[in-house]
Amino acid sequence: MLAEERFALILDLLAEKRTATVQELCEALNASESTIRRDLTELDRQGRLNKVHGGATLPNGQFLADEPTMAAKESLAVSQKQSIAEAAAALITAEDFVYVDAGTSTLAMVRALNGPALEAHYVTNGIAHARLLAQKSCHVCLPGGLLRPRTEAIIGAAAVTALQQFNFTKAFMGANGVAMEAGFTTPDPEEAAVKAAAIRRARQTWFLTDDSKFGRIYPAVISALGDAAILTNRCPDPKYGQLTLVKETER
């Protein structure tokens with residue numbers, strides 16, 4: 001695993017737990033203690049975490065920019081994503097024309113599709129999503145554009161233009177961060193533009209976000225909080241429910 005990937009995973013784990021010991025990070029990343037300590041020293045030097053005796057903490061109001069690869073994110077919040085995925089899949093009917101955003105939470109939803117949902121029509125900018133939908137014998141369309149290797153997502157002006165030709169009954173989206181004032185955010189501006197284009201063409205939009213994403217802010221804004229509903233395993237603050245529809249799978 002590259003140093004940048006370890007940095008991103010360390011910050012993701014800290015964003016979820018706020019604190020972590022060196023031993024916890026060693027186990028989570030399958031890395032040696034000396035490697036983790038060097039990583040923490042470098043991230044502390046960059047001001048992205050606070051290195052403390054035996055571990056690290058996140059500063060208050062942490063602003064994040066790094067993004068793990070698809071493969072790295074697959075190992076994060078697995079059970080939470082599964083419960084969200086099953087609830088999302090249950091919202092799809094045979095008559096729906098659905099946009100599926102790239103990302104691991106939405107990929108889990110595609111895995112969970114069954115019954116009438118398999119008769120729906122799909123558009124996705126996720127390469128893995130399109131492959132899995134095809135394997136399930138679903139009707140699936142991929143927009144043209146550039147492939148972003150880190151997230152395996154199709155992005156760029158061609159993708160935005162292609163999405164403007166559709167009217168979706170439902171869109172299922174991913175985001176790296178969800179915050180009351182900042183809204184739904186992600187690290188890459190081009191990927192944010194594709195997400196925003198899909199939302200504008202959807203009658204109903206759901207962001208599939210596990211509870212670790214709340215309160216996190218990334219550089220590129222996708223949309224305001226009120227532009228979409230949230231499907232999560234657990235919402236940490238009831239104030240979100242005053243700003244948009246929030247559905248929790250653990251309640």
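When a residue number appears, it is its place in the shown sequence, counting from 1.
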So [Y] and [X], do their side chains get closer than 4.5 Å, heavy atoms only?
{"X": "V123", "Y": "V98", "result": "no"}
{"X": "M109", "Y": "I84", "result": "no"}
{"X": "I230", "Y": "L245", "result": "no"}
{"X": "D227", "Y": "F184", "result": "no"}
{"X": "Q164", "Y": "V160", "result": "yes"}
{"X": "K73", "Y": "T151", "result": "yes"}
{"X": "R234", "Y": "P236", "result": "yes"}
{"X": "Y218", "Y": "E67", "result": "no"}

Side-chain donor or acceptor of [X] paired with backbone N/O of [Y] under 3.5 Å:
{"X": "Q165", "Y": "T161", "result": "yes"}
{"X": "D101", "Y": "G174", "result": "yes"}
{"X": "K213", "Y": "A175", "result": "yes"}

Give, for atom [atom1] of [X] and atom [atom2] of [Y], the distance between the pair rounded to the nearest 0.5 Å.
{"X": "N125", "Y": "K195", "atom1": "CG", "atom2": "NZ", "result": "7.0 Å"}
{"X": "T249", "Y": "Q82", "atom1": "OG1", "atom2": "CD", "result": "10.5 Å"}
{"X": "N30", "Y": "I36", "atom1": "CG", "atom2": "CD1", "result": "9.5 Å"}
{"X": "H121", "Y": "C138", "atom1": "NE2", "atom2": "SG", "result": "10.0 Å"}
{"X": "E5", "Y": "L2", "atom1": "CD", "atom2": "CG", "result": "4.5 Å"}
{"X": "L43", "Y": "R6", "atom1": "CG", "atom2": "CZ", "result": "9.5 Å"}

Testing the 3.5 Å rule here: is there a donor-acceptor pair between the side chains of [X] and [Y]?
{"X": "D96", "Y": "Y122", "value": "no"}
{"X": "T41", "Y": "K51", "value": "yes"}
{"X": "T232", "Y": "D211", "value": "no"}

Stepwise ring-ring contact (aromatic ring centres under 6.0 Å, His included) check, F172 with Y99: CA-CA 6 Å; F172 294 91; Y99 181 77; 9.9 Å; no
Any salt bridge between [X] and [Y], counting N to O under 4.0 Å?
{"X": "R150", "Y": "E191", "result": "no"}
{"X": "E74", "Y": "R111", "result": "yes"}
{"X": "E152", "Y": "R148", "result": "no"}

Qualifying residue, where the test is side-chain hydrogen bond (donor to acceptor under 3.5 Å, both in side chains) with R216 and the options are D12, T185, N176: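 When side-chain hydrogen bond (donor to acceptor under 3.5 Å, both in side chains) is applied between R216 and each of D12, T185, N176, only D12 qualifies.
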Full working for side-chain contact (heavy atoms from CB on, under 4.5 Å) between V100 and V140: CA-CA 10 Å; V100 181; V140 58; over 6 Å; no
Shared ILVMFWY cluster between [X] and [Y], side chains joined below 4.5 angstrom?
{"X": "L14", "Y": "V178", "answer": "no"}
{"X": "L107", "Y": "I127", "answer": "no"}
{"X": "L243", "Y": "F207", "answer": "yes"}
{"X": "F168", "Y": "I222", "answer": "yes"}
{"X": "L76", "Y": "M70", "answer": "no"}

Candidate pair M173 and L208, rule side-chain contact (heavy atoms from CB on, under 4.5 Å), full reasoning: CA-CA 6 Å; M173 312 299 298; L208 312 186; over 6 Å; no
Tell me the closest heavy-atom pair linking [X] and [Y], and the distance in Å.
{"X": "A85", "Y": "A112", "answer": "O-CB, 4.0 Å"}
{"X": "P143", "Y": "I154", "answer": "O-CD1, 3.4 Å"}
{"X": "S223", "Y": "I199", "answer": "OG-CD1, 4.0 Å"}
{"X": "A158", "Y": "G145", "answer": "CB-CA, 3.9 Å"}
{"X": "P187", "Y": "P219", "answer": "CA-CD, 3.9 Å"}
{"X": "S83", "Y": "Q80", "answer": "OG-O, 2.9 Å"}

Step-by-step side-chain contact (heavy atoms from CB on, under 4.5 Å) determination, T21 to E27: CA-CA 10 Å; T21 66; E27 293 174 359; over 6 Å; no
Close aromatic pair by centroid cut-off 6.0 Å: F166 and F97: yes
Candidate pair E33 and R37, rule salt bridge (charged side-chain N to carboxylate O under 4.0 Å, His left out), full reasoning: CA-CA 6 Å; E33 183 175 327; R37 290 189 183 280; 3.0 Å; yes
Residues that K81 engages under side chain to side chain donor-acceptor pair (under 3.5 Å), provided they are two or more places apart: T104
Residue pair L91, W206: steps toward the side-chain contact (heavy atoms from CB on, under 4.5 Å) verdict: CA-CA 10 Å; L91 296 173; W206 291 90; 3.7 Å; yes
